[in-house]
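As the structure is a computational prediction, the values presented were derived from the model and not from experiment. In the text below, chain A, chain B and the rest are named by the order of the sequence lines, each starting its count at 1.
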Amino acid sequence: MLLSCTVNGEKIEKEIDPAKRLLDFLRDDMGLTGVKEGCSEGECGACTVILDNQAVTSCTVYAGQVMDREILTIEGLEKNGELDILQKAFIENGAIQCGFCTPGMILSCRALLMEKPNPTREEIKRAIEGNLCRCTGYEKIIKAVECAVKGEVQ
Amino acid sequence: MCGKGGGTVNFFIPKNLEELADALKEKDENTYLCAGGTDLVIHLRAKKKFHYSLIDLTHLEEMKKIQETEDRIMIGAGVTMTELEKSPVIRKYIPALAKAASMVGSTQIRNRATVGGNAANASQSSDTTPVLFAYGAEAVVFNEKGEKKICLLDDIIEGLEKNLLKDREIILQFVIKKENALSGFSKVGSRKAVTISKINGCIKATVREGKMQNVIVYLGAVGAKASKAPYIEKALEGQWLEGIHKKELKDAVYEQIENNIPSRASKHYKKSAAFGVIDDILGELRELAGEVEM
Amino acid sequence: MKELKYVGKRLIREDVYDKARGKTQYTCDRKLEGMLYAKLVLSEKALAEISINTDKAEQVPGICAVYTHKDVPKTKYNPHNWTPGVGAPEDMYILSEKARYVGDHLALVVGETKEAVEEAASLVEIVYREETPVIGLKAARENKENIAFEKESRCGDFGSLPLENLIVEETAGSTQAIHHAPIEPHIALSAIDETGNLVVWTPCQTVFMVRYHICSLLDVPYTKVRVVKAVMGGSFGGKGLSVVEPACAFASWTLKRPVMLYMDRPADITATRRRNPSEMTVKTAVDKDGKILGRFIACDFDGGAYYTNASAIAMAFSKKLFRLYRIENQTIEARTFYTNTTPGGSCRGYGSPQAHAVTEVNLDQIADRLGMDPCELRLKNVVLPGDDDPAGGTNLGDARIRECILKGMEEFHWKEKRAHIREKNTDRYAYGVGMACATHGNGYKGGYPELTNVYAQLHPDGSAEFRIAVHDQGCGTVMTMQQIGAEALHMDPYKIKVYEADTFLSPYDSAGTQASRVTYVCGRAVQEAGEALLEKIKNAAAAVYGWEKNRIEAEDGMLKYPGTDREECRTYGEVSKEYEKKFSRYLHADIEYEPDSNPGVYCAAFAEVKVDKYTGQTEVLDLLAVHDVGQCMNYTLSEGQIEGGAQMSLGQALFEEIGYDGKGNVKSRNFSKYHMINAPDMPKVRSLFIEEHNTDGPYGAKSLGEVVAVAPGPAVANAVNFAIGSRFASYPITPEKVVLWLENKEKE
């Protein structure tokens with residue numbers, strides 16, 4: 001079917017198999033490989049993207065379902081070569097180790113900040129409750145978000 | 001709107017009830033209704049299904065609204081957990097439903113999972129079902145002929161992942177009578193968050209001058225589907241919210257679980273955990289009662 | 001000691017810029033021209049003779065091949081043998097001729113698209129003729145033939161102790177099967193290069209091991225196989241043994257096309273490796289003052305369906321138990337059994353998480369019996385700097401466990417919390433604090449071949465490169481090596497390139513990125529190579545400019561020389577250029593390094609917990625970990641190790657378990673059932689470091705990445721036991737176990 005939607009700010013129209021997962025559509029058809037697959041059942045959050053301003057696991061959404069919707073992936077966060085403040089904060093605070101969970105993690109936090117620019121520590125934890133990370137123990141990720149919120153980023 | 005997928009499948013995106021009825025007319029046993037997709041996508045992959053048709057329900061505005069009349073609340077089946085959790089109407093009239101929705105899965109899942117899907121999938125550990133049952137929720141069921149009928153939700157949920165809807169029927173919305181009651185929900189799983197309920201529960205009660213009346217209690221994950229807990233109701237009816245006799249309540253909870261799952265090995269744990277769930281909910285009711293008084 | 005300029009600083013690693021932008025290409029993100037996809041078909045039965053029909057699968061459009069045992073080389077290997085010298089028994093084929101566990105690799109489907117491969121994999125028909133499987137240690141012990149390995153280790157003579165006159169405490173406990181849970185599942189990519197070599201890109205821990213396995217299985221010379229360590233989305237030991245590489249290489253070599261073999265999460269949980277479950281009894285004899293006089297430990301490991309690490313896990317476990325407390329008489333009987341479950345393999349901490357899980361609880365029980373503070377009991381018995389290993393292992397070196405405990409007690413307000421924490425108790429909640437200690441090693445010295453090589457060069461543009469076969473698993477190994485190189489060379493670490501392991505480019509390294517050897521062994525090698533290279537730069541400058549060598553100072557990539565009227569400066573790049581021009585020499589250093597030592601690293605962890613007596617759930621409210629690291633390489637990275645290690649260890653204590661039913665089916669095949677700790681359940685972890693700078697590691701450093709995953713778990717167990725008066729030594733301490741224990745207590 002001819003899918004029309006907006007991906008990272010760009011309107012696209014593409015002939016696709018609507019019954020493939022949004023994850024596969026983004027990775028294979030759009031080349032947006034920042035979207036990662038870690039568990040294929042919405043439990044690890046590595047495939048998180050922002051769909052109409054909300055974080056969703058793209059492995060539990062059919063591509064056809066995003067007809068006329070707007071999607072933001074990690075590749076769309078950078079504006080004119082300038083990294084998003086969360087990306088900078090993750091870099092500076094040691095919130096990234098192996099990096100496989102990172103795109104999903106950053107997008108979950110971005111969705112949180114879109115809704116609540118000044119979240120509490122508990123709200124940050126809740127925003128990333130669906131993003132598993134084996135490397136960091138989450139602490140430096142939470143710290144990174146707190147730094148981004150306070151503008152303590154270089 | 002309809003599109004062809006890889007192979008022979010159809011993908012319907014009905015935008016109104018007329019289109020939905022048309023899509024349902026073509027629905028065969030290899031066609032699945034897909035709301036948030038949080039269960040379906042995983043389920044079909046696990047079953048190694050590769051070629052099937054889908055009816056997408058996320059573009060149907062009719063199903064996405066929460067509406068209020070003088071004496072009723074109508075919740076579209078396509079309302080997401082996040083929307084339920086945040087809705088001022090739900091928080092005011094059905095606080096337990098907002099709470100239950102807030103405890104489903106993760107943030108990402110709550111942003112997609114719908115109340116209709118959660119009920120229709122009929123999992124024994126569904127978090128919204130005990131609340132919907134406690135409020136005597138009715139379901140508006142729609143079919144391929146465009147007909148609507150109303151039935152008690154409890155009557156169309158069989159449990160253990162089975163519902164009693166016909167092949168071409170779908171739940172459009174839930175209707176709940178407004179009541180002057182307080183309610184709370186709690187659950188216990190393996191973790192604090194993002195966890196499947198080992199036990200969950202809802203208490204609904206009218207609180208007058210600190211005493212609980214018309215107490216309704218439903219427990220989930222102790223049977224094929226959420227079920228009424230008369231032993232606990234009896235123990236709570238007429239009691240002071242602030243001065244509950246813990247020993248008697250505990251005995252009632254234990255008796256209830258024994259009665260629900262007498263032969264299951266998990267009953268020992270679930271008895272104690274259920275007591276924790278009930279204790280949590282009573283704490284919530286106390287908070288709510290405090291807010292109401294203020 | 002001299003102040004360090006680059007080592008010990010919170011420098012930002014270079015790989016994170018691309019990782020934050022989603023630009024980093026992990027293996028799954030790569031696409032080669034003509035690339036095929038491949039997926040393993042896994043056994044659904046724990047023990048069965050099999051016959052496989054691939055007809056239907058082969059008919060799926062786009063399928064190129066469906067391989068079974070009959071197609072693969074009839075050569076066995078042991079994925080645990082990282083060099084031929086390890087010599088553990090070889091009993092595994094690329095594809096098995098018989099199903100020996102649920103998850104055993106039975107067929108390989110190769111096709112043009114993932115969709116085709118997935119569909120074909122579901123159509124491979126396997127007829128199982130089931131036999132009765134051996135599931136769990138209890139069943140395994142029923143037949144002596146199931147013993148894969150057994151060994152007694154001892155010092156002194158426990159048997160001669162007058163136990164009747166001593167205080168003897170016996171504790172029985174167990175640890176569970178753990179999934180490594182890197183978020184990137186196992187994957188490998190293989191292709192034939194332009195000159196006919198077989199190239200394999202894999203997120204692995206030892207490229208030379210993968211090369212060895214592929215070469216021996218496919219009967220290809222070492223010189224024809226190039227294994228390249230790919231960007232790795234986490235390992236934790238899970239990618240330490242070969243898993244998917246041989247099958248991937250086989251398909252690519254046979255079809256002469258690029259092949260990507262990928263796994264999904266259920267395969268990763270069931271069909272790779274796992275932390276070996278263990279069951280043990282610990283019997284400790286002390287005098288009335290709490291001095292440990294002897295200990296007897298009998299431990300059985302579940303080795304799974306193939307030999308893999310059957311001997312290594314038992315020996316690694318035993319070794320650690322002689323290196324934390326001074327115990328003159330100790331006997332350890334360790335056995336590993338074959339069962340029909342997932343084979344064991346390396347897993348962060350290798351034997352230490354099992355070794356300390358039960359012994360540390362046992363110590364708290366002794367303290368309880370003696371009415372002694374658990375920290376005081378440990379302080380009376382811990383090893384001290386310079387102690388020998390009474391079982392004949394390497395010297396313990398600058399062992400600072402005593403300082404870890406003392407510093408932790410102070411920071412945690414241990415005495416006060418221990419005395420008053422229970423005052424917070426309510427009818428529903430019980431509070432407790434507990435602590436535990438742990439030790440781990442620094443490489444293979446004393447056990448296996450332990451050497452590495454470094455080739456370092458200084459280029460005319462002033463940049464330097466180090467070739468050493470390191471594998472960054474995500475911890476920041478490359479950054480650490482850059483910092484060490486920078487310190488040795490007195491230059492900007494960001495002008496240093498450390499190439500990760502590649503069998504065509506890296507000089508030989510005997511053991512890969514495992515066994516906590518990278519900072520201690522490889523790091524020191526990089527330091528020495530850097531120092532040697534700096535010497536050469538100075539020599540070159542002396543030759544080129546006629547300077548007296550001992551008056552040359554190096555700083556920030558420049559050589560400075562006190563000239564007659566003013567100081568002369570030359571960049572390293574200038575020296576390099578001039579040197580090549582005038583003397584036909586390029587600046588490089590080439591060293592082979594074998595460490596002289598393998599000391600212990602130490603940790604003391606302190607935990608505060610809140611136990612819900614109704615739901616049985618335990619919440620960890622506070623966790624403090626004090627580590628004896630010698631010298632911290634980079635505090636940000638080190639804290640990252642400690643916080644991440646704690647997540648894994650707390651998971652072992654409370655949540656994680658690969659569960660099996662009686663037929664060997666895996667009950668927790670995905671993250672919805674296998675519960676890793678997520679953000680809401682993770683406490684804030686406080687890290688403290690003991691830095692005495694007194695080791696043979698680079699700038700006095702020791703290992704950290706594995707010992708971090710050991711002590712928090714038993715500290716939590718001790719805290720729970722203190723909170724409710726239980727004696728849990730079997731992990732995980734689930735809500736069900738807590739409730740059952742409380743109910744039994746009530747009945748008493």
Do you see a donor-acceptor pair shorter than 3.5 Å between the side chains of B:T58 and B:D56? yes
Is B:K49 close to chain A through its backbone or its side chain, or both, or neither, when contacts mean heavy atoms under 4.5 Å? neither
Exam field: side chain B:K187 to backbone B:G220, donor-acceptor pair closer than 3.5 Å: no
Please check: side-chain N/O of B:D280 versus main-chain N/O of B:S186, any donor-acceptor pairing under 3.5 Å? no
Side chain proximity check, A:E129 to B:T107, heavy atoms < 4.5 angstrom: yes
Could you please state which residues from residues 134-154 of chain A sit under 4.5 angstrom from chain B, measuring non-hydrogen atom to non-hydrogen atom, sorted by number, or 'none'? none
Best-contacting candidate, A:E43, A:K20, A:E41, A:Q65, against chain B by heavy atom pairs under 4.5 angstrom: A:Q65
Apply salt bridge (charged side-chain N to carboxylate O under 4.0 Å, His left out) to B:E85 and A:R126, showing your working. CA-CA 14 Å; B:E85 180 193 344; A:R126 187 164 192 243; 2.9 Å; yes
Pair B:N121-B:S126, side-chain donor/acceptor within less than 3.5 Å: no
Taking B:K27 for its side chain and B:D167 for its backbone only, find out whether a donor-acceptor pair lies under 3.5 Å. yes
Bottom line for B:A113: the part with an atom under 4.5 Å from chain A's heavy atoms is neither
Is it the case that the side chain of B:E169 and the backbone of B:F142 share a donor-acceptor pair, with hydrogens and angles ignored and the cut-off at 3.5 Å? no
Would you say A:S58's side chain and A:C47's backbone share a donor-acceptor pair under 3.5 angstrom? yes
Chain B contact via A:S40 - which portion, at a heavy-atom distance below 4.5 Å: both
Which atoms of B:S102 are under 4.5 Å from chain A, going by heavy atoms: the side chain, the backbone, both sets, or neither? both
Residues of residues 91-115 of chain A under 4.5 Å from chain B (heavy atom pairs)? A:S108, A:E115
Region of A:L132 in contact with chain B, defined by heavy-atom distances below 4.5 Å: side chain
Step-by-step salt bridge (charged side-chain N to carboxylate O under 4.0 Å, His left out) determination, A:R21 to A:E37: CA-CA 11 Å; A:R21 301 172 301 172; A:E37 182 166 9; 3.0 Å; yes
Looking only at B:H59, B:R110, B:Q108, B:H43, most heavy-atom pairs under 4.5 Å shared with chain A are made by B:Q108
If we count only N and O atoms by modelled type, under 3.5 Å, do the side chains of A:N8 and A:T73 hold a donor and an acceptor together? yes
Among the options B:K192, B:R191, B:K86, pick out the one with the most heavy-atom pairs lying under 4.5 Å from chain A. B:K86
Polar side chain donor-acceptor pair, A:E122 to A:T120, under 3.5 angstrom: no
Is there a donor-acceptor contact under 3.5 Å from the side chain of A:E13 to the main chain of A:L2? no
